[in-house]
Amino acid sequence: MTHQQALERYIQATNTHDFKEVKAILHPQAVYWFSDKTCTTIEEIEAYFKHAWHVIKEEVYSATNVKWLTIDEKTATCLYTYHYEGYHNEKFVSGSGRATNIFTLVNDEWKLIHEHLSGAY
């Protein structure tokens, strides 16, 4: 799997709304910087994802304008615009923001070690 495929797999996993799928691509020491919270353990990341999926029902997450900043034999960093849509209190909502993802190669498999999301705009 390439680093680009790892990002695609991560987005697909997010859209399953099953954290086991997301966890499969996460590095054990992953750190997430969300707009309103920093998560430094897999358990904190899981709780945040599950809460988000509870608040925004049927959420669909996507990425556009992906730009790979650095790529070497063990790390790859990308920037992109994230988009989400779904239902909040039975009303359709959507938004977007900026994201930075850092992947690292572990046992020949790309794992997400950091995600930083800037607030929706």
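Note that the structure is a prediction, hence the values are computed from the model and not measured.
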Checklist entry - Out of curiosity, Leu26 CG to Phe49 CZ, how far, rounded to the nearest 0.5 Å? => result 7.0 Å
Next on the checklist: Looking at Glu21 and Lys23, is any side-chain nitrogen of the basic one under 4.0 Å from a carboxylate oxygen of the acidic one?
Outcome noted: no
Item to check | NE2-CG distance between His83 and Asn65, expressed to the nearest 0.5 angstrom | outcome: 6.5 Å
Next on the checklist: Could you go through Glu59 and His17, starting from their C-alpha distance and side-chain angles, then the distance that decides it, and tell me whether this counts as side-chain contact (heavy atoms from CB on, under 4.5 Å)?
Outcome noted: CA-CA 8 Å; Glu59 180 190 24; His17 301 180; 4.0 Å; yes
Checklist entry - So how far is it from Leu117 CG to Asp36 CG, rounded to the nearest 0.5 Å? => result 10.0 Å
Checklist entry - Considering residues at least two apart in sequence or located in another chain, which fulfil the side-chain contact (heavy atoms from CB on, under 4.5 Å) criterion with His88? => result Val55, Ile56, Val93
Item to check | Aromatic centroids of Tyr32 and Tyr48 separated by under 6.0 Å | outcome: no
Checklist entry - Can you name the residues that form a side-chain contact (heavy atoms from CB on, under 4.5 Å) with Asp108, not counting sequence neighbours? => result none
Checklist entry - Residues in ring-ring contact (aromatic ring centres under 6.0 Å, His included) with Trp68, at least two apart? => result His3
Item to check | Main-chain N/O of Val31 paired to His114 side chain as donor or acceptor, under 3.5 Å | outcome: yes
Next on the checklist: Please verify the inter-ring angle class for Tyr61 with Tyr82; under 30° counts as parallel, over 60° as perpendicular, anything in between as tilted.
Outcome noted: parallel
Checklist outcome for this item: Rounded to the nearest 0.5 Å, the CD atom of Glu115 sits from the CD1 atom of Ile102 at a distance of 10.5 Å
Checklist entry - So, the side chain of Lys111 versus the backbone of Ala24: is there a donor-acceptor pair under 3.5 Å, distance only? => result yes
Item to check | Lys/Arg-Asp/Glu bridge criterion (N-O < 4.0 Å) met for Lys20, Glu46 | outcome: no
Checklist outcome for this item: What one should report as the nearest heavy-atom pair of Ile42 and Pro28 is CG1-O, 3.8 Å
Checklist entry - Could you state the interatomic distance from CZ (Phe19) to CD (Glu43), rounded to the nearest 0.5 Å? => result 8.5 Å
